[in-house]
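All residue numbers refer to positions in the sequence shown, counting from 1.
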Amino acid sequence: MNMIEVIIGENGEIIIPDKMRRNLDLFPGKKIFLYEQDDSIHIIPSERKASSKFSQFAHQHNRILNIDSDSDYDEMLHERVG
């Protein structure tokens, strides 16, 4: 287990180190789940990785696609499907 110490900001915010964000595919707008157990806070990335899968598909098929979050994916899907 890799533990890194961070400091809680005045408004309760914490900074997740860049390496951890990349390893867990965390980006601005990504949904995560928090839960409390045994005097600990656990952060779980959302299981919904549609935008990541969609971007990966586009890259594999040489399509230009820029999706920053699952909400972008939802918007594009709604435009195409209705």
Side-chain angles (χ1 to χ4, degrees):
M1 177 188 322
N2 187 17
M3 289 195 351
I4 297 174
E5 183 176 52
V6 298
I7 297 172
I8 298 173
E10 289 187 27
N11 295 316
E13 68 276 358
I14 62 169
I15 305 283
I16 300 170
D18 184 55
K19 184 176 180 182
M20 287 182 170
R21 291 193 314 270
R22 282 187 310 224
N23 289 343
L24 296 171
D25 193 30
L26 300 177
F27 48 83
K30 172 94 178 208
K31 293 180 183 180
I32 60 172
F33 297 99
L34 301 176
Y35 71 94
E36 182 181 348
Q37 179 182 25
D38 300 327
D39 297 327
S40 297
I41 297 173
H42 299 261
I43 301 173
I44 308 295
S46 174
E47 292 300 319
R48 184 175 178 201
K49 294 184 178 181
S51 63
S52 297
K53 297 296 182 190
F54 198 59
S55 293
Q56 185 179 37
F57 174 82
H59 178 72
Q60 289 172 347
H61 292 83
N62 296 320
R63 304 266 172 96
I64 297 172
L65 184 63
N66 184 15
I67 298 179
D68 293 323
S69 68
D70 282 332
S71 62
D72 288 345
Y73 170 79
D74 288 342
E75 185 177 313
M76 289 177 72
L77 184 62
H78 181 70
E79 287 174 5
R80 294 174 193 256
V81 177

Exercise for review: Identify the two heavy atoms, one from Met20 and one from Ile4, that lie closest to each other, and give their separation to 0.1 Å.
Suggested key: CE-CD1, 3.7 Å
Point to revise | Pairs satisfying side-chain hydrogen bond (donor to acceptor under 3.5 Å, both in side chains), at least one member in residues 5-21, at least two apart | key: Asp18-Arg21, Asp18-Arg22
Review point. Can Ile8 be reached from Ile16 by stepping across I, L, V, M, F, W or Y side chains whose heavy atoms are under 4.5 Å apart?
Key: yes
Review point. Are Ile15 and Leu24 in one and the same hydrophobic cluster, where Ile, Leu, Val, Met, Phe, Trp and Tyr link if side-chain heavy atoms are under 4.5 Å apart?
Key: no
Point to revise | Pairwise side-chain contact, Ile14 with Ile43, heavy-atom cut-off 4.5 Å (strictly under) | key: yes
Check your understanding: Can you check whether Asp25 reaches Pro45 side chain to side chain, under 4.5 Å on heavy atoms?
Key -> no
Could you list the donor-acceptor pairs under 3.5 angstrom formed by side chains in residues 32-39, with sequence neighbours left out?
none

